[in-house]
Amino acid sequence: MALRIFNTATRQQELFVTAQPKVVRMYVCGLTVYAPMHIGHARTYCFWDTFRRWMEYRGYHVIGVINYTDIDDRIIAGGEGGLGCVDLAERMIAGFRRDCRALCIKDYAAYTRATDFIEEQVSMVARLIEKGHAYVQDGEVFYSVSSFPRYGELSRRAVDELEVGASGRVEEDVARKRHPADFTLWKPSEPGKPAWSTGHEAWPSGRPGWHIECSAMSTALLGEHFDVHGGGIDNLFPHHENEVAQSEPLCGHPWVRYWLHPEHLDLRGVKMSKSLGNVVGVPDLLARHTADEVRWFYATHHYRTKLPFGWDLLEQAAAGYARIKRLVDVLAEKLVTASCTGAALPLGDYSSQREPEHRAARLRHTFTSGAFAELSEKFIEKFAAAMDDDLNAPEAMAAMFDYVNKLYAAGVESRTDAADLLPAYRCLTAHLAVFGVEVARPELYPELCVDYAVPPTTAAAAGRGGDGVVDKLLTMRTEARKAKDFAKGDMIRKLLIEAGVEVEDSPQGTRWSAK
RNA sequence: GGUGAGGUAGCCAAGUGGUUAGGCAACGGUUUGCAAAACCGUUAUACGCGGGUUCGAAUCCCGUCCUCACCUCCA
């Protein structure tokens with residue numbers, strides 16, 4: 001079993017082999033920070049997070065870099081409205097970080113700002129001019145598309161056909177360009193607008209064009225050859241095409257090994273735009289659904305297909321997830337009350353050295369023991385095969401549903417032995433975590449929780465807190481039911497349901513969950 | 001105009017030549033004081049339409065209809 005991923009550069013699934021064993025160097029195109037992140041961005045970055053988590057599950061160390069493009073026309077325009085460019089950008093960056101944490105996206109190794117790498121960009125532009133890949137025109141530097149024969153290869157576009165789609169904005173510059181597809185590497189700034197000195201006579205000051213920052217920053221942090229580069233599908237052309245054109249002539253060899261492009265959201269005919277005022281931000285999303293529900297929803301579709309977005313579809317996904325979450329909660333409650341400390345989990349060992357792609361999660365032995373060991377093994381096998389097949393999350397989820405169904409069918413709810421329950425609990429939560437669904441309780445699985453995007457510090461953080469009122473009402477209800485006063489018992493239940501508390505009776509007692 | 005993706009049961013969605021994908025919803029049954037949850041079953045031998053290849057097609061080929069995206073800033 002080996003990991004295969006779809007490489008946009010070849011339009012094929014390829015065996016995933018990193019340049020350096022056990023290490024994945026990955027660069028993700030981040031946001032142009034002029035507006036807050038919305039649900040579309042969230043899908044993209046949740047995918048990258050799942051990708052990263054799957055690499056880690058497979059035993060790789062992921063060195064991830066993500067950037068902020070913090071200088072651009074829209075930022076300059078936005079900065080004019082009283083908020084300076086820098087303050088606007090920094091505010092958006094803070095919002096992005098906050099939203100990512102809220103969605104349980106794990107931190108990257110580095111978050112780079114385009115304006116922190118001006119020197120590197122200037123140097124790159126200068127070298128492109130030297131090598132004849134760029135030219136200066138009235139203080140502006142253009143990249144010469146015809147100097148790079150492979151231009152258009154990544155996005156499969158014929159350069160000459162690009163003329164047809166030329167917009168008004170492109171026509172403005174067309175007279176000054178040698179080829180209509182030539183793009184800006186450096187441009188002079190208008191008076192009073194952010195500008196940097198270059199030390200070059202023909203293009204003394206100004207600011208970098210879009211594209212060059214990603215070439216410069218990825219190379220600065222990850223070197224001249226790295227494993228994975230990507231961003232939303234919209235970046236394929238022109239952004240990534242241009243990045244390749246800028247980078248390969250300078251490094252002199254193929255630059256990026258695997259290109260990945262997650263698809264966009266399909267808003268089902270509704271345009272989401274600032275002017276319509278219907279942009280759904282991450283806080284809007286989290287006001288209606290929990291982070292684990294949102295992450296589950298994002299994982300319900302393959303990353304290379306459009307994800308239809310609608311509140312109804314989110315509800316549908318959440319209903320399915322509830323079935324899995326319930327089992328996680330039931331197991332946790334049993335384990336907490338049954339004092340799982342005595343559970344004899346097998347010890348791990350270092351018996352073999354294996355390549356990352358052949359290595360399962362380090363703590364696998366802690367969830368493949370006990371009464372459900374065989375079910376767990378089969379589940380892991382199916383889950384891993386699906387994820388190894390170009391991150392086929394929907395199929396992996398199907399395997400999880402199957403696993404949960406079989407656990408129920410095998411009578412997991414009536415078990416009391418922690419040696420059986422704890423491994424199943426760990427197996428479920430460890431694989432949920434691949435999707436960014438972080439629901440394990442630290443006291444039951446500290447080794448997993450410590451690695452969460454936002455490690456929970458108390459039991460209450462992962463489960464429900466001390467709700468004394470609910471417990472008291474349920475005690476009253478239980479007493480009423482014992483006394484056959486069902487009218488009173490039902491009244492209490494009705495009140496609780498109206499307050500958003502689901503009540504379930506079972507031979508083992510009554511459990512509740514917040515809805 | 002050019003390029004690409006896709007149309008799979010009421011809804012969502014995997015699957016790309018041959019064994020029930022899976023989930024949601026609805027309904028029936030078991031269970032329950034009644035519910036909820038769980039379990040069993042039904043909706044469901046589904047693959048836009050028309051041909052062709054094949055022992056066999058959702059999957060390959062030809063044609064056709066429809067939807068969407070991109071080609072200009074976009075995750």
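The sequence lines fix the lettering, A, B, ..., with proteins before strands; numbering per chain opens at 1. The figures that follow rest on heavy atoms only: side chains count, while hydrogens, waters and symmetry mates do not.
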Hey, does [X] reach any base, or is it just sugar-phosphate, or nothing, if we go heavy atoms under 4.0 Å?
X: L265(A); value: base
X: R43(A); value: nothing
X: H302(A); value: sugar-phosphate
X: D505(A); value: base
X: F47(A); value: nothing
X: G40(A); value: base
X: D312(A); value: nothing
X: R323(A); value: sugar-phosphate
X: P308(A); value: sugar-phosphate
X: K306(A); value: sugar-phosphate
X: D72(A); value: nothing
X: F486(A); value: base
X: S506(A); value: nothing

Which of parallel (below 30°), tilted (30 to 60°) and perpendicular (above 60°) describes [X] and [Y]?
X: F309(A); Y: W311(A); result: perpendicular
X: F16(A); Y: Y258(A); result: tilted
X: F51(A); Y: W48(A); result: perpendicular
X: Y303(A); Y: F47(A); result: parallel
X: Y68(A); Y: Y111(A); result: parallel

Atom [atom1] of [X] to atom [atom2] of [N]: distance rounded to whole Å?
X: R477(A); N: rC34(B); atom1: CZ; atom2: P; result: 13 Å
X: L260(A); N: rA75(B); atom1: CG; atom2: P; result: 18 Å
X: D266(A); N: rC70(B); atom1: CG; atom2: P; result: 11 Å
X: W296(A); N: rC24(B); atom1: CH2; atom2: P; result: 10 Å
X: L327(A); N: rA38(B); atom1: CG; atom2: C1'; result: 11 Å
X: L313(A); N: rG10(B); atom1: CG; atom2: C1'; result: 14 Å
X: L236(A); N: rA5(B); atom1: CG; atom2: C1'; result: 13 Å
X: K406(A); N: rA21(B); atom1: NZ; atom2: P; result: 14 Å

Whole-Å [atom1] distance, [N] and [M]:
N: rG18(B); M: rG56(B); atom1: C1'; answer: 6 Å
N: rG52(B); M: rA58(B); atom1: P; answer: 15 Å
N: rG23(B); M: rC66(B); atom1: C1'; answer: 27 Å
N: rG48(B); M: rA21(B); atom1: P; answer: 16 Å
N: rG50(B); M: rA57(B); atom1: P; answer: 15 Å
N: rU8(B); M: rU16(B); atom1: C1'; answer: 12 Å
N: rG28(B); M: rA37(B); atom1: P; answer: 15 Å

N or O in side chain of [X] less than 4.0 angstrom from [N] OP1/OP2:
X: W512(A); N: rA36(B); answer: no
X: N235(A); N: rC74(B); answer: no
X: T510(A); N: rA36(B); answer: no
X: N405(A); N: rG23(B); answer: yes

(request) Let me know, please, whether E395(A) or G489(A) comes out on the 5' side of the other along RNA chain B by nearest nucleotide. (result) E395(A)
(request) Would you mind telling me which residue lines up with the more 5' stretch of RNA chain B, D234(A) or D490(A), judged by nearest nucleotide? (result) D490(A)
(request) Answer yes if the side chains of Y408(A) and R326(A) hold a donor-acceptor pair under 3.5 Å, and no otherwise. (result)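 Yes.
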(request) Scan side-chain atoms only and decide if N67(A) and Y27(A) contain a donor-acceptor pair under the 3.5 Å cut-off. (result)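 The answer is yes; a qualifying pair exists.
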(request) Among F383(A), Y321(A), W296(A), F379(A), find the residue that satisfies the ring pair (Phe, Tyr, Trp, His ring centres under 6.0 Å) test when tested with F401(A). (result) W296(A)
(request) Give a yes or no on whether R91(A) atom CZ has more than 12 heavy-atom contacts from other residues, nucleotides or ligands under 6.0 Å away. (result) no
(message) Can you confirm whether more than 12 heavy atoms, excluding those of Q13(A), are under 6.0 Å from its CD atom?
(response) yes
Among [options], the one nearest [X] by side-chain distance:
X: P394(A); options: rA37(B), rC71(B), rA13(B); answer: rA13(B)
X: Y408(A); options: rA38(B), rC24(B), rA75(B); answer: rA38(B)
X: R74(A); options: rA75(B), rC73(B), rC12(B); answer: rC73(B)
X: H301(A); options: rA37(B), rC12(B), rC24(B); answer: rC12(B)
X: H38(A); options: rC73(B), rA75(B), rG15(B); answer: rA75(B)
X: A398(A); options: rA21(B), rC71(B), rA37(B); answer: rA21(B)

(message) Stacking between rG23(B) and F401(A), yes or no? Criterion: centroid separation under 5.5 angstrom, plane angle under 30 degrees.
(response)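 Stacking between F401(A) and rG23(B): absent.
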(request) Measure the distance between the ring centre of H264(A) and the centre of the six-membered base ring of rA75(B), then answer whether it is under 5.5 Å with planes under 30°. (result) yes
(message) Expected output check: what is the dot-bracket annotation of RNA chain B, where ( ) and [ ] are pairs inside the strand (brackets for crossing ones), | is paired with another strand, and pairs are Watson-Crick or G-U under 3.5 Å?
(response) ((((((((.[[[..)..(...]]].(((((.......))))).....[[[[[..)....]]]]])))))))....
(message) Going by salt bridge (Lys or Arg N to Asp or Glu O under 4.0 Å), R477(A) matches just one of D490(A), D505(A), D485(A). Which one?
(response)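 That would be D505(A); it is the only one of D490(A), D505(A), D485(A) passing the salt bridge (Lys or Arg N to Asp or Glu O under 4.0 Å) with R477(A).
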